[in-house]
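Presented below is the structure to which this report refers.
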Number of protein chains: 4
Amino acid sequence: MKGKVNTSIKDLKLVKERHEAIIDVAISLFQKKGFHQTTTREIAQHAGFSIGTLYEYIRKKEDVLLLVYDSIEQKVYSPLQALMKKGIYTKRKLITIIDTYFQLMDQVQEEVIILYQELKSVSDEMRYQILQKERGLVKMLSNVIKQVNEKQLTDEKIDLIANNILVQGHMWCFRRWNLHKQYTRTQFTNLQKELLQEQLFT
Amino acid sequence: MKGKVNTSIKDLKLVKERHEAIIDVAISLFQKKGFHQTTTREIAQHAGFSIGTLYEYIRKKEDVLLLVYDSIEQKVYSPLQALMKKGIYTKRKLITIIDTYFQLMDQVQEEVIILYQELKSVSDEMRYQILQKERGLVKMLSNVIKQVNEKQLTDEKIDLIANNILVQGHMWCFRRWNLHKQYTRTQFTNLQKELLQEQLFT
Amino acid sequence: MKGKVNTSIKDLKLVKERHEAIIDVAISLFQKKGFHQTTTREIAQHAGFSIGTLYEYIRKKEDVLLLVYDSIEQKVYSPLQALMKKGIYTKRKLITIIDTYFQLMDQVQEEVIILYQELKSVSDEMRYQILQKERGLVKMLSNVIKQVNEKQLTDEKIDLIANNILVQGHMWCFRRWNLHKQYTRTQFTNLQKELLQEQLFT
Amino acid sequence: MKGKVNTSIKDLKLVKERHEAIIDVAISLFQKKGFHQTTTREIAQHAGFSIGTLYEYIRKKEDVLLLVYDSIEQKVYSPLQALMKKGIYTKRKLITIIDTYFQLMDQVQEEVIILYQELKSVSDEMRYQILQKERGLVKMLSNVIKQVNEKQLTDEKIDLIANNILVQGHMWCFRRWNLHKQYTRTQFTNLQKELLQEQLFT
DNA sequence: CATGAATGAGGGTTCATTCAT
DNA sequence: AATGAATGAACCCTCATTCAT
């Protein structure tokens, strides 16, 4: 997924700088109006450079979405993978993972919403990769749970719980019109953890 | 929300007929390509009439989305409201409600996905109404749970469970690329119900 | 010009009735929004019958304009021609003609405005005929003046005065946003007549 | 009225250039076929650029009309206002003003015809402004006449004469199918001046 | 590297006109 | 005679993308 967005610019530092600007602007604009309603001109303008310059750093409008997805990957998937891959799996560790995940979701709310809404706007291959990433996450989380499976839950049930946890993280983003009124992030996280513990542990 | 889509056609039966055709086509096309990628011409063509005729039955492209939402309302919200409003609330009844809800979600998968993806494409007022509907559903479900609250769960926790249940229904739709491979609807429903019972009942 | 608007209806009385309805509606609508902004549907609707029925009494939208022009002809040109053709020409008679003309213009204000604004929307041949009518009027008025030419004005000057008079009549219509505030029709007519007399008579 | 037509182009010189091209083309096309019959594509094509480029220099089709009106203002109203505002008012000066006015009208014939025919196609506010401009002109001309009022004509009569003069200027444009055959501009002007002098002076 | 003017395919929408009932 | 549903050509306008400067 990394490096999918080619540019004609050689100065890599500049590329990174500009890409970050584009991502910031794009997230805020896509969030407000959606991908299709946002014009490339708007993106360029808000990012502080000309439309011509924008196209020095992307090839097609879709690339802007890819940049946003790249950014989610870096902010969410990579840290989570890193966290889940190392160390021994204990109840405590599982709780930490869930905690971290919810915290990360809180940080990338806008991106998650965009992910949910604009997945269709992306090329088939890209979409497949994004879903693969998500599948990987489910599997990893599932594995962690399976290793601390006190109650001898079936694999089926554990997989479902893993899915539920991930969706609960997303839900904090896409249902914020409802949830953020009633709960702080910590409240939300703690309640969900309590509820999960009743399913997971005796 | 009902009747928001005006027409220049006088024959009401015909209007209903055509609207249904439009909804069917729209769901399948929006599902495949999204609202913005789908042209009005395509909708007309697939529905079997000309672009001119399409515009005899809608006023603007957005109206097609409204038709789809109307349809969800009729298929989901109305039945659920009816179900939840009458009768006494027992554990058994709660289970029935959840069952029914999951079953309904299974029937309107495409619509739910569209709802998630195209909410942004709708006018502010419309969007508010749709979210209001959803808020109402949360509240209703919450109330039912509160009436069979064996474990003396706090209101906060119950509200969260209600949200979780509703999102689990949606999840069956928007995560089908993952879930439908592993579970049949009945399996999914039963597992979720089992998991919920551990949270709700002793 | 007469009878240019063919219909598929045999009942001539009905045709006349419907045509009059169409003319009334058209004048009011064209006046308000112009020919092109007015749709045939609107005309039919305001006239109290269906679009299908409208097209039983006209062949094309342009026909509606022709009907309006026919109506002007009947209300203005015919009476004026009749008046100017008969009798002997005296100062008194000239004054009467001018008086009558201004009075007629007052009665067909809307039609005149439409004439000025929509002449371009009419077929070349039709436009030619309308201008011919107007040329005829100039010539007739010119002739009358020439017969009471006390001051031995040149033909050139008399022709110009004739044109001026006719335009002054139109002006009462198309400059009413200015003139009708300041003058009643009688005041306007009398002042113009006074001014003309200084040009025509010693 | 000035500067009402916004642009997304930054190079002001280019904007002026293109606007002039648009005005030229528009006058000729509107003249031939009217505003509504003329398509934006035709305008672009005749102006020598693409439809996309046209829309870089206007926002809506109506803007093309505004450009034409702006142009009339610059060519007619501004010079006339300048002329009338300065200097002492004498018979001679009045004659000069009338002369200039008729000369200007001769130069903007097409524009005047468009003004007469497409006033309805313009937004209410714009129309009001255009009529205000015309009212201002009447008042100015009226004032000049009042200052050289040898014959002690009433204000009412003078106002009417002012209106007549202005309309006579327009008439040279919109009745050219008749007048230009019979008179050169100088003849027309001189005759009208002679006629006016009989009304104004002893 | 940066700019922004130019392009034109393509989309939403309208509306005069027809024709089966 | 009357109706009104159906049609589709045609119009306005947008916007991603290019390229000369």
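Any value given below was found using the heavy atoms of this structure, including those in side chains, with hydrogens, waters and symmetry copies removed. We name chains A, B, ... by the order of the sequence lines, and we start the count at 1 in each one.
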Quiz item: Which whole-number value in Å describes the distance from Gln45(A) CD to dG4(E) C1'?
Solution: 12 Å
Practice problem: For Ser50(B) and for Ile51(A), locate the closest nucleotide of DNA chain F by heavy-atom distance; then report the residue assigned to the nucleotide nearer the 5' terminus. | Solution: Ser50(B)
Self-check item: Rounded interatomic separation in angstrom, taking CD1 from Ile22(A) and C1' from dA16(F)
Solution: 15 Å
Exercise. Could you please name the option among dT7(E), dT17(F), dA6(F) that lies closest to any side-chain atom of Leu14(B)?
Key: dA6(F)
Quiz item: To the side chain of Tyr55(B), which of dT17(E), dT14(E), dA2(F) is closest?
Solution: dT14(E)
Quiz item: If we call it a pair only when both distances are under 3.5 Å in a Watson-Crick or G-U wobble match, what pairs with dG8(F)?
Solution: dC15(E)
Exercise. Between dT7(E), dA6(F), dC12(F), spot the one nearest the side chain of Thr53(B), thanks.
Key: dA6(F)
Quiz item: Any idea how Tyr116(B) and Phe174(A) line up, ring-wise: parallel (<30°), tilted (30 to 60°), or perpendicular (>60°)?
Solution: perpendicular
Practice problem: Choose from dT13(E), dA16(E), dA5(F) the nucleotide whose nearest atom is closest to any side-chain atom of Ile9(B). | Solution: dA5(F)
Exercise. May I ask you to decide whether Glu56(D) forms a salt bridge with Arg41(A), counting only side-chain N to carboxylate O separations under 4.0 Å?
Key: yes
Practice problem: Compare side-chain N and O positions of Lys60(B) against OP1 and OP2 of dT13(E) and report whether any pair is under 4.0 Å apart. | Solution: yes
Quiz item: Any side-chain N or O of Tyr57(A) less than 4.0 Å from the OP1 or OP2 oxygen of dA2(E)?
Solution: yes
Self-check item: Interatomic distance, Asp63(C) CG vs dT18(E) P [rounded to whole Å]
Solution: 11 Å
Self-check item: Gly52(D) or Lys10(C), whichever maps to the more 5' nucleotide of DNA chain F
Solution: Lys10(C)
Practice problem: Scan Ser8(A) against the nucleic acid and name what it touches under 4.0 Å (heavy atoms): base, sugar-phosphate only, or nothing. | Solution: nothing
Quiz item: Checking Glu111(B) side chain against Ile72(B) main chain: does a donor-acceptor pair fall under 3.5 Å?
Solution: no
Quiz item: Is there a Watson-Crick or G-U wobble partner for dA1(F) with both distances under 3.5 Å, and if so, which one is it?
Solution: none
Self-check item: Salt-bridge contact Asp124(A)-Arg127(A) (side-chain N to carboxylate O under 4.0 Å)
Solution: yes
Quiz item: Is any N or O donor-acceptor pair between the side chain of Arg41(B) and the base of dG11(E) shorter than 3.5 Å?
Solution: no
Practice problem: Nearest-nucleotide wise, let me know which of Phe49(D) and Arg59(B) is further upstream toward the 5' end of DNA chain E. | Solution: Phe49(D)
Exercise. Would you kindly give the NE2-to-C1' distance between His36(B) and dG10(E), to the nearest whole Å?
Key: 15 Å
Exercise. When you get a sec, tell me which of dG4(F), dC12(F), dT13(E) is the closest nucleotide to the side chain of Lys61(D)?
Key: dC12(F)
Practice problem: Just say parallel, tilted or perpendicular for the rings of His19(C) and Tyr57(C), cut-offs at 30° and 60°. | Solution: perpendicular
Practice problem: Using a 4.0 Å heavy-atom cut-off across all strands, classify Thr7(B) as base, sugar-phosphate, or nothing. | Solution: nothing
Quiz item: Taking CD from Glu62(A) and C1' from dT17(F), how many angstroms apart are they, rounded to a whole number?
Solution: 15 Å
Quiz item: Is Lys120(A) close enough and on-axis enough to Phe30(B), meaning under 6.0 Å and within 45°, for cation-pi?
Solution: no
Quiz item: Closest to the Thr40(D) side chain: dT7(F), dA16(F), dC12(F)?
Solution: dC12(F)
Practice problem: Please state how far atom CZ in Arg18(D) lies from atom C1' in dA6(E), giving the value in whole angstrom units. | Solution: 8 Å
